[in-house]
Every structure is written in structure tokens, then in C-alpha cells.
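Report on the structure given below.
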Amino acid sequence: MTAQPHKPQPATVTVWDWVVRLGHWLLAATIAGAWFTREGGGRLHEIIGYGSLAVVAVRLLWGFTGSGHARFADFIRGPRATLRYASLVLGAREPRYLGHNPLGAWMIVTLLALVTATGLSGWLYTTDRYWGVEWVERLHSTLSDVLLVGIALHVLGVLYASHRHRERLIAAMIHGRKRPL
């Protein structure tokens with residue numbers, strides 16, 4: 001029996017394709033733009049809000065038709081697996097994932113849902129029926145505040161995972177590559 005030659009492992013592998021990365025940063029930009037135009041932004045604020053909804057729509061479609069780690073089926077886990085992972089995080093024993101970990105996956109779902117709800121409540125406020133209706137304005141404002149909290153938790157999770165697993169996740173969301181498992 002002859003020994004198989006050793007194949008060197010690549011230094012990095014592509015994890016997130018350009019659609020995921022571009023969508024991530026476009027969504028971040030539209031959310032920031034909406035926040036900066038929230039007072040007196042008028043039509044520009046609306047256009048930015050519609051832009052964020054368009055980015056979410058593309059991401060949802062890509063989550064079912066995109067490449068490997070872009071697909072929701074690749075990274076969304078059930079409640080039991082997610083709670084187990086969370087307990088491992090609390091004990092600083094969680095495994096490293098090449099794509100999104102279970103908590104990160106549910107954060108993505110949560111943020112996409114919050115952006116959608118915020119955008120739709122903003123659109124609702126522009127309709128004849130709900131223009132000037134106080135509860136719709138409050139809903140939109142509250143959802144945008146909750147979205148900001150979700151973004152803060154997302155950033156904290158990225159910083160934690162980057163430190164814990166000694167990887168540069170922010171850079172990976174720019175170039176799409178990570179070291180292999």
C-alpha cells in the first residue's frame with residue numbers, strides 16, 4: 001500500500017459570496033441613512049427605507065437560491081441546537097463555525113424581520129388611511145429603536161466571536177474568506 005501524498009490545506013476558503021457581502025453592507029448603509037434622515041428627511045428617508053426593503057427581498061431570495069453558506073438551510077438551526085450552542089457560549093466552549101453559528105443565524109433572521117417590519121410600518125404611515133395616525137408613527141419609531149438594539153447585539157456577537165475564535169469576521173464580510181475548520 002502506497003502512502004497518499006499530503007494535500008496542503010488552503011490558507012483561506014470562500015465562505016460568503018459577493019451577494020451576501022454586498023447585501024450586508026448595503027443594508028447597513030440604508031439603515032444608517034434612514035437613521036440620519038429620520039427627522040426632516042421626508043422623501044429621501046422614504047426612498048432609503050424602500051431601498052432597505054429591496055435589500056431584504058434580495059437576501060430572502062438568495063437565502064433559498066444562493067451559494068452554500070448563503071442558504072438559510074445551511075445555517076439556521078432549530079431551537080434545541082441553538083439553545084445548546086448558547087449554553088456552550090456561556091461556558092466559553094462553543095465550537096467555531098465556518099459559516100454562521102446558530103445564534104448568529106437567528107440574529108440574521110431577527111434583523112431581517114425587524115428591517116422588514118420597520119420598513120412596512122414606515123410605508124403604512126405614508127398611506128392615505130394611516131397618514132398622521134399616532135399609533136403607526138409610534139410603531140415605526142419603536143421598531144427602529146428595537147432594530148438599533150438588535151444591531152448593537154449583532155456587533156457585540158461579531159466582536160465576541162472574532163475574539164473567541166481568533167478570526168477577523170468584519171474583514172471576512174468584506175472579502176468573503178475565512179480560515180478553514
Side-chain angles (χ1 to χ4, degrees), residues 15-83 85-86 99-161 169-170 172-174 176:
V15 178
W16 294 303
D17 62 39
W18 70 271
V19 176
V20 170
R21 297 186 330 263
L22 180 63
H24 176 271
W25 296 112
L26 282 175
L27 196 54
T30 58
I31 291 167
W35 188 82
F36 284 115
T37 60
R38 71 192 183 283
E39 299 292 331
R43 186 73 180 136
L44 179 59
H45 181 78
E46 291 175 30
I47 291 168
I48 292 169
Y50 294 137
S52 68
L53 288 173
V55 173
V56 169
V58 169
R59 182 59 183 102
L60 290 175
L61 179 65
W62 200 245
F64 294 104
T65 62
S67 63
H69 292 293
R71 291 181 181 242
F72 298 131
D74 179 72
F75 61 85
I76 295 178
R77 304 286 182 258
R80 183 174 290 141
T82 304
L83 289 172
Y85 182 82
H100 292 96
N101 66 54
L103 288 175
W106 284 105
M107 180 53 73
I108 291 167
V109 171
T110 300
L111 291 173
L112 291 174
L114 284 169
V115 170
T116 301
T118 305
L120 290 177
S121 67
W123 164 78
L124 190 63
Y125 194 66
T126 67
T127 64
D128 289 340
R129 181 174 181 140
Y130 293 101
W131 175 258
V133 175
E134 188 177 332
W135 73 263
V136 178
E137 183 179 9
R138 265 196 328 269
L139 175 64
H140 184 65
S141 178
T142 300
L143 285 168
S144 65
D145 290 344
V146 173
L147 176 59
L148 291 177
V149 170
I151 291 167
L153 290 172
H154 168 63
V155 170
L156 287 173
V158 167
L159 293 175
Y160 171 81
L169 289 177
I170 296 170
M173 279 307 290
I174 295 170

Quick one: pull up [atom1] in [X] and [atom2] in [Y] and give me the separation to the nearest 0.5 Å.
X      : Y      : atom1 : atom2 : answer
Asn101 : Tyr85  : CG    : OH    : 3.5 Å
Thr142 : Glu137 : OG1   : CD    : 10.0 Å
Leu159 : His154 : CG    : NE2   : 9.5 Å
Leu148 : Leu114 : CG    : CG    : 10.0 Å
Leu53  : Ile48  : CG    : CD1   : 12.5 Å

Notebook entry, point to check: Which is it for Leu139 and Tyr125 under the side-chain contact (heavy atoms from CB on, under 4.5 Å) test, yes or no, and what are the steps along the way?
Noted result: CA-CA 10 Å; Leu139 175 64; Tyr125 194 66; over 6 Å; no
Checking [X] side chain against [Y] main chain: does a donor-acceptor pair fall under 3.5 Å?
X      : Y      : result
His140 : Ser121 : no
Arg80  : Arg77  : no
Arg59  : Leu112 : no
Arg71  : Phe64  : yes
Thr37  : Gly33  : yes

So which atom in [X] and which in [Y] form the shortest heavy-atom distance, rounded to 0.1 Å?
X      : Y      : answer
Val20  : Ala70  : CG2-CB, 3.4 Å
Trp16  : Gly99  : CZ2-C, 4.1 Å
Ile151 : Ile31  : CD1-CG2, 3.7 Å
Leu147 : Leu111 : CD1-CD2, 3.9 Å

Are there over 12 heavy-atom neighbours, none belonging to [X], within less than 6.0 Å of that residue's [atom1]?
X      : atom1 : result
Ile170 : CD1   : no
Trp62  : CH2   : yes
Trp18  : CH2   : no

[X] versus [Y]: any side-chain heavy-atom pair under 4.5 Å?
X      : Y      : value
Trp131 : Val136 : no
Arg21  : His24  : no
Leu169 : Met173 : no

Check: Yes or no on side-chain contact (heavy atoms from CB on, under 4.5 Å) for Ser52 and Val56, after CA distance, side-chain angles and deciding distance?
Finding: CA-CA 6 Å; Ser52 68; Val56 169; 5.6 Å; no
Checklist line | Contacts of type ring-ring contact (aromatic ring centres under 6.0 Å, His included), residue Phe75, not counting sequence neighbours | finding: Phe72, His100
Next item on the list: Return each pair, listed once, that meets ring-ring contact (aromatic ring centres under 6.0 Å, His included) where at least one residue sits in residues 27-47; pairs must be two or more places apart or across chains.
Entry: none
